[in-house]
A.B. asks: 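One structure, pasted below without further comment.
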Amino acid sequence: MRRRPKILAALAAVALPMAVTGVSSAEPPAAPVTVQESGPDALAAAFKAASAQYGVPESILLAVSYAQSRWDDHEGKSSTSGGYGPLHLTAVDPTTTRERSGQRVTATADSLNTLYRASELTGLAPATLRADTAANVAGGAALLAEQQRKLGLPTGADTAPGEWYAAIGAYIGAEDRTAAGIFADDVFTLLAKGAARTTNLGQRVVLPALQAIPDKSQLSLLALPEGVDPVDDQSDCPKTVACEWLPAPYEWYGKPNPGAYGNHDKADRPNDMKIDYIVVHDTEGGWQGTLNLVQNPKYVSWQYTMRSSDGKTWQHVPHKDVAWHAGNWYVNSHSIGIEHEGFAAQGATWYTEALYRNSARLVKYLANKYDIPLDRAHIIGHDQVPGTVPGTVRGMHWDPGPYWDWERYFEYMGAPIKGTPLPVRVGSPVIIKPGFEGNNQVITGCSSTGCVPQGSNFVYLRTAPDDAAPLVKDFGLRPDGSYSTTHVSDHGARIAAGSSYVVAEVQGDWIAVWYLGAKGWFKNTQANKDAYTKPSLVVTPKAGLESVPVYGRAYPEKEAYPAEIPYQTVTPLQYTIGKGQSYPIGDRDIQTDYYYAKTFDGSTPLDQTQVVGKDRYYQIWFGHRMFYVRAADVNVRLSF
C-alpha cells in the first residue's frame with residue numbers, strides 16, 4: 001500500500017548566529033539569535049532570517065538551494081556526493097583527488113567539506129547542520145557570504161543579485177570556471193523563472209521571478225582553471241554541460257589471441273547502425289573509481305560518466321563506435337550509455353539536482369542529434385534492457401533502480417510524461433505516471449537495516465484486485481514459478497513511470513493490464529491516480545495463433561548472413577503473448593541487424609560487418625523490460 005508523506009506541523013526553533021558581513025572569514029561566529037517560527041511557512045522564514053543575518057539576498061539563497069535540492073531536506077540523508085539538506089552541505093574525504101585528462105587536481109578541503117566549514121562559520125554542530133533544515137539554510141548562507149567576501153565583493157541582503165555570480169559558481173565546488181559558470185547560469189535562469197513548491201516536509205516555499213543581470217566577468221576572480229579548451233577536446237556535449245574527453249582504450253592485449261582486445265568496437269554509426277536508445281546507468285561506486293575502470297582495456301565501456309556533485313561529464317567512446325555497457329549486443333549496437341554516479345539501492349538518498357539537470361541536457365542534445373524520441377521506450381534504464389536468450393534473463397542488471405525519478409528527468413528535458421485523465425476501459429492503452437514524491441512503495445533489501453522510506457518511480461502489480469494479493473510472477477526472473485517480491489532488485493511486478501500497457505479488466509478502482517502474458521492488477525483511485533489514457537498502436541496475435549513468442553533482440557533471419565559470418569540463432573525468450581492479449585508498440589521502426597565484430601586486427605573475414613535482415617520486428621511494452629516481437633506474428637491496430 002502506498003504511503004503519502006505526513007505534513008509536519010512545525011520545525012523546531014533553531015539558533016542562528018548573527019551576521020558576519022564585513023568581517024574576516026576567520027573571525028569566530030557571533031552570538032546566536034533564535035528564530036521562533038513554526039508551521040508550513042517555517043522554512044520560508046528560515047531563508048528570510050538567514051538572508052538578513054548573513055547578508056545574502058534572499059532570492060539568491062532561495063535559488064541556490066532550489067538548484068541543489070528543490071528545498072527538500074531528504075530527511076537528513078546524504079546525497080551520492082556526500083551532501084545534506086536544502087543547501088547540500090557536503091562532508092567527504094578532504095584528500096580526494098580529481099583527475100582531468102593528463103593531470104590530477106587535488107580538491108580543496110573547503111570545496112568538498114562545506115558542512116564542516118559551515119559549522120565553523122555558524123557555531124552550529126555538524127550533526128545539527130545535517131539534520132535540521134533551518135540550520136542547514138543558515139550554513140549555506142554563511143558559506144555564500146564568506147565566498148563573496150573572499151572575492152572582495154559586496155555583501156548584504158539588499159545587494160544586487162547580479163553581484164553574486166562568482167560566489168554562486170564557487171558554491172558547488174566546481175573544478176574549473178566552465179563548470180562554475182554553468183551552475184551560476186542555472187541559478188540565474190531559475191531566478192528569472194521563479195519557483196514554488198511544497199517540500200517533502202510540507203513546507204511551502206516561493207521564489208518570485210526576478211530579472212537580474214549577472215556580472216559574468218566575476219568568474220575571472222575565481223582561483224580556478226579556465227576549463228577544457230573545446231578546440232583540443234574531442235568530447236561531444238552541449239555547451240551547457242561541463243564535459244571533457246577521457247578515452248576508453250581500444251587496444252589489443254592478448255597475444256596471440258586477436259579476440260582479446262578492449263574495451264569497445266569500432267563502427268560507423270549512425271551511417272551503418274541507427275542509434276535508437278540512450279541507456280541510463282548508475283555507477284554503483286564513486287566517479288573516480290568509475291573513470292579508472294573505463295580506462296582498463298580488460299573491462300567494459302560506456303560513452304559517458306557523469307559526476308553527482310556538479311554534473312561534470314567525461315566522454316570515453318565516440319558515438320560512432322559501439323560501447324560494451326548494456327549486456328545485450330543488439331542494444332549495445334544501437335545505443336549510447338551514460339553512467340551516473342550513484343547507487344540503485346540508495347538512489348533517492350539521493351541523486352542530485354545537478355546530476356538530473358545536466359544528464360537531461362545531455363540526453364536532449366543526443367536525442368536531437370540522432371532523432372531519438374524523448375520517451376521511455378527510447379530513453380531507457382539499464383533495468384529495461386532484455387536478456388538475449390532465456391539463460392541470460394535472470395542475470396540482467398536492474399540499475400538505476402526504483403529511486404531514479406523518471407518524471408522529473410523528463411520534465412528537465414522539456415518532454416514531460418503525460419496522458420489524459422479520462423476513465424479507462426478495457427482495451428485502452430494507459431501510460432503510468434504515479435508521481436515520485438510521496439510514492440513511498442514498500443521496498444526491502446537495500447541494506448541490513450532495510451530501505452529508507454522515500455519516493456519511488458513505480459507501482460506494484462498484484463495477481464488479484466486486492467491489496468493483500470501476491471505480486472505477479474515473472475518466470476524469467478523466478479523460473480520456479482514463485483511470486484515476485486518487494487526486494488529492491490526484484491522488478492518482476494513493477495510498472496514504472498512512462499511505461500505503457502493495455503487495460504485487460506476493470507473492477508471499481510482496480511485496473512488489470514496485460515503484463516508478461518497475464519493480468520496484473522493495481523489500484524487507480526481518482527484521488528491517487530497512477531494511470532492515464534494515451535492512444536497507441538498495439539499488437540495482438542494473428543488469427544489462428546494461440547500464442548506468440550517474444551525476443552530480447554531483433555536479429556536477422558538466417559538467409560541474411562554471408563557464409564563467413566556465423567548465424568546468430570533467433571531464440572525466443574520464456575514469455576509469450578496469449579490469444580486475446582494486447583501490448584503497446586514502443587517503436588515499429590526497428591532495424592533488424594547483427595554487427596559482427598570479433599577481432600582487433602580484422603583477421604576474421606568480414607570483421608566489423610553489419611548483417612542486415614529483411615525480417616521485421618516491433619519493440620513492445622510487455623513487462624518491466626522492453627521486448628521485441630516479429631511483425632509476421634502479430635496484427636497492429638490503433639487503440640484509444
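When a residue number appears, it is its place in the shown sequence, counting from 1. These numbers were taken from a predicted model, which means no experiment stands behind them.
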A.B. asks: Strictly by modelled atom types, are R494 and Q441 linked by a side-chain donor-acceptor pair under 3.5 Å?
C.D. replies: no
A.B. asks: Return the set of residues passing salt bridge (charged side-chain N to carboxylate O under 4.0 Å, His left out) with D236 (not counting sequence neighbours), or none when no residue passes.
C.D. replies: K369
A.B. asks: Ignoring hydrogens and geometry, is there a side-chain-to-backbone donor-acceptor pair from N332 to V322 under 3.5 Å?
C.D. replies: no
A.B. asks: To the nearest 0.5 Å, what is the distance between CG on L246 and CD on Q234?
C.D. replies: 11.5 Å
A.B. asks: Between D399 and H382, do the side chains contain a donor N or O and an acceptor N or O under 3.5 Å apart?
C.D. replies: yes
A.B. asks: Could you label the plane-to-plane angle of the Y304 and H319 rings as parallel, tilted or perpendicular, counting under 30° as parallel and over 60° as perpendicular?
C.D. replies: tilted
A.B. asks: Using a 3.5 Å cut-off and no angle test, enumerate the donor-acceptor pairs between side-chain atoms of residues 533-543 and protein atoms at least two apart in sequence or in another chain.
C.D. replies:
residue, atom, partner, partner atom, Å
T533, OG1, T420, O, 3.0
K542, NZ, A632, O, 3.4

A.B. asks: Quick check: Y330 with Y628 (ring centres under 6.0 Å apart)?
C.D. replies: yes
A.B. asks: Any chance the rings of W302 and W324 have centres within less than 6.0 Å?
C.D. replies: no
A.B. asks: With sequence neighbours excluded, what pairs up with P479 under the side chain to side chain contact (heavy atoms under 4.5 Å, CB included) test?
C.D. replies: R394
A.B. asks: Looking only at side-chain N and O atoms, does R625 offer a donor or acceptor that is under 3.5 Å from a partner on H491?
C.D. replies: yes
A.B. asks: Out of the candidates L545, I620, L516, D633, only one should pair with I577 under the side chain to side chain contact (heavy atoms under 4.5 Å, CB included) rule; please name it.
C.D. replies: I620
A.B. asks: Quick test of your reading of the model: are K266 and D321 salt-bridged, counting only N-O distances below 4.0 Å?
C.D. replies: yes
A.B. asks: What side-chain hydrogen bond (donor to acceptor under 3.5 Å, both in side chains) pairs are there with at least one residue in residues 553-564, not counting sequence neighbours?
C.D. replies: none
A.B. asks: Does N271 have more than 12 heavy atoms from other residues, nucleotides or ligands lying within 6.0 Å of its CG?
C.D. replies: yes
A.B. asks: Is a donor from one side chain sitting under 3.5 angstrom from an acceptor on the other, for D593 and Q610?
C.D. replies: yes
A.B. asks: Taking atom types as modelled, find out whether H487 and T485 have a side-chain donor-acceptor pair closer than 3.5 angstrom.
C.D. replies: no
A.B. asks: Would you say the side-chain atoms of E407 and Y409 include a donor-acceptor pair closer than 3.5 Å?
C.D. replies: no
A.B. asks: Could you grab the distance from atom CZ of R408 to atom CE of M413, nearest 0.5 Å is fine?
C.D. replies: 12.5 Å
A.B. asks: Testing the 3.5 Å rule here: is there a donor-acceptor pair between the side chains of S547 and T576?
C.D. replies: no
A.B. asks: Given the rule in the side chain to side chain donor-acceptor pair (under 3.5 Å) test, do S79 and T352 qualify, once you have shown the distances and angles that lead to the verdict?
C.D. replies: CA-CA 7 Å; S79 76; T352 66; over 6 Å; no
A.B. asks: Tell me, do I443 and Y460 make a side-chain contact under 4.5 Å, heavy atoms counted?
C.D. replies: yes
A.B. asks: For the residue pair Y515 and Y501, does the interplanar ring angle fall in the parallel (under 30°), tilted (30 to 60°) or perpendicular (over 60°) class?
C.D. replies: tilted
A.B. asks: Do you see a donor-acceptor pair shorter than 3.5 Å between the side chains of S81 and S309?
C.D. replies: no
A.B. asks: Can N328 and T388 be counted as having a side-chain donor-acceptor contact under 3.5 angstrom?
C.D. replies: no
A.B. asks: Can you confirm whether K418 sits close enough to Y532 that some side-chain heavy atom of one is under 4.5 Å from a side-chain heavy atom of the other?
C.D. replies: no
A.B. asks: So, S301 and H325: side-chain donor and acceptor under 3.5 Å apart, yes or no?
C.D. replies: no
A.B. asks: Are any non-hydrogen side-chain atoms of W621 and R376 less than 4.5 angstrom apart?
C.D. replies: yes
A.B. asks: Just grab all the salt bridge (Lys or Arg N to Asp or Glu O under 4.0 Å) pairs involving residues 276-290, residues at least two apart or on different chains.
C.D. replies: K274-D276
A.B. asks: Ring-plane angle category for W406 and W404, please: parallel below 30°, perpendicular beyond 60°, tilted otherwise.
C.D. replies: perpendicular
A.B. asks: Do F410 and I379 touch side chain to side chain, with heavy atoms closer than 4.5 Å?
C.D. replies: yes
A.B. asks: Please report, to 0.1 Å, the donor-acceptor pairs under 3.5 Å made by any side chain of residues 249-259, with sequence neighbours excluded.
C.D. replies:
residue, atom, partner, partner atom, Å
Y250, OH, Q608, NE2, 3.3
W252, NE1, N257, O, 2.6
N257, OD1, G259, N, 2.9

A.B. asks: Considering only heavy atoms from C-beta outward, does the side chain of Q303 approach that of I338 to under 4.5 Å?
C.D. replies: no
